[in-house]
Amino acid sequence: MTMLFADDERSLQEIMKLELPLMGHRVTVCPDGLTAAAALEKENFDCILVDLDMPGMSGIDVIAKAKDLCPSTEAIVLTGKGTVDTAIAALRHGAFDYLTKPCTMVELEALLKRVQNKRELTNKYYALVHRLKNIEGTPKLIGDTPGMKQVQTMITKVAPTDSTVLILGETGTGKELVARAVHENSTRAGKPFVAVNCGALPETLIESELFGHAKGSFTGADDHRTGLFEVAAGGTIFLDEIGELPKSMQAKLLRVLESREIRRVGENKTVTVDVRVVCATHRNLEEMVAEEEFREDLMYRINTFEIHLPSLRERIDDIPQLAGHLLRRFRPSGKAFDHELTDGAVQALKAHVWPGNVRELANVIEHATILCDAGPIDTEHLPQHFNRRQLNAGAKAQLGPMTLRELEMEAIHQSLDRHDGNKPKAAEELGISLKTLYNKLNQNSGLEKTA
């Protein structure tokens, strides 16, 4: 590490000039506080080692200046007093730890190793945060149609508050992106954003995943587990597809939302959590309440502020802008495109029904970027099954308008086609549980037999 040592004892100065480089550190030695302060003005140090009592400026003042100039600088205090009050004063002013003089080089080396380990862990943490931000990207809502402008206005108004938000929209419209935008524009932006797909959690483990459990609380609970509500403490938890929660969990979630307290599985004590809740669903909660599939009191509790996200077919004019954004995201490095999409490709995209919404558009554009070697993307670069769906859509359009159930089944069958009949993958893409997918397929099969 790059170190600064400040002490008015000449013998200690000479020792540190010799010993610290032998430990692998580069050191600047100062005889008093004022000299140390001047050195801090010229250079940033990884760690400073200072005596508390020095002429001109105390060690506490030197630490304060170092922290002001470079907050990541760690500080160790040397004191001949060794009192508890001295240690507390040093720690309150940002010192990492303190040593009582006289100390051995072994003690000092061990303490410097701890400082170095902390700095390495801090650097790894910031590197991981940077990588995660690159992977997730900045929540950017693409589109200038009236529907999207309304969504952006709603986000701007509700984000600074702590109100619970319910995002409604079809599968694949980008509900999680809206939830992230709410979080990033709130006062909690620097805290965790935790997304949970309620439909993907096994019913037997939902409570443990959300609220945590104590060791030995059930078979397989070999260790203590922190729940996702605690993980999101201070930030936002996004409960996607909340309509898929079992009735038993709906009651427990309602209690948490009202009390802001959770109880881990296997424990009696409650834990207070400060977390903002954002929910989303593609289902009609009022119909679910009428069919006694969803608690009415929970629906009113999560529906403090509603944001309706339009489907892609309701914002066709946004498709060129969306396609261009996705093209730049999926374009392999080194591939240059003079123009992004031909007029024919744009027209083909705008003519499609898009039952899978933006998620389906992303799949189509990713396929096209792989197939297209250079130049603008044309209709020939669109997926074959996409072209087949275009023909099917045209044929159905001639037969007349489709019901909501028919549109839903069309989206399910197209997802199954994309995944070669793999139902778990199709359910994941559609944002529904596997059980819900089977129920819808069975319902449709029953209707066809009746017909």
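Side-chain contact between Thr281 and Met288 is absent, with no heavy atoms from C-beta onward closer than 4.5 Å. His282 places a side-chain heavy atom less than 4.5 Å from the side chain of Ile432. Side-chain contact between Arg315 and Gln321 is absent, with no heavy-atom pair separated by less than 4.5 Å.
Applying side-chain contact (heavy atoms from CB on, under 4.5 Å) to Met1 and the options Leu20, Val115, Val27 leaves one that passes, Val115. Just one residue in the list Gln250, Lys247, Arg283 forms a side chain to side chain donor-acceptor pair (under 3.5 Å) with Glu293, and that residue is Arg283.
No salt bridge links Glu267 with Arg263; every basic N to acidic carboxylate O contact stays at or beyond 4.0 Å. Using a cut-off of 4.0 Å between Lys/Arg side-chain N and Asp/Glu carboxylate O, Glu209 and Arg225 are scored as salt-bridged.
The minimum heavy-atom distance between Arg276 and Ser186, with the atom names listed, is NH1-CB, 3.9 Å. Contact record, Gly143 with Met148: O-CB, 3.9 Å, taken as the closest heavy-atom pair.
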What pairs of donor and acceptor atoms, side-chain ones from residues 3-12 against any protein atom, are under 3.5 angstrom apart with sequence neighbours left out?
from, atom 1, to, atom 2, distance (Å)
Asp7, OD1, Glu9, N, 2.8
Asp7, OD2, Lys101, NZ, 3.1
Glu9, OE2, Lys101, NZ, 3.2
Arg10, NE, Glu14, OE2, 3.4

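Using modelled atom types and a 3.5 Å distance limit, the side chains of Glu244 and Thr436 yield a donor-acceptor pair. Under 3.5 Å, the side chains of Asp317 and Thr145 contain no donor-acceptor pair of N or O atoms. Using modelled atom types and a 3.5 Å distance limit, the side chains of Thr173 and Asn357 yield no donor-acceptor pair.
In this pair, His183 and Phe193 present their aromatic rings tilted. The plane angle is within the 30 to 60° band.
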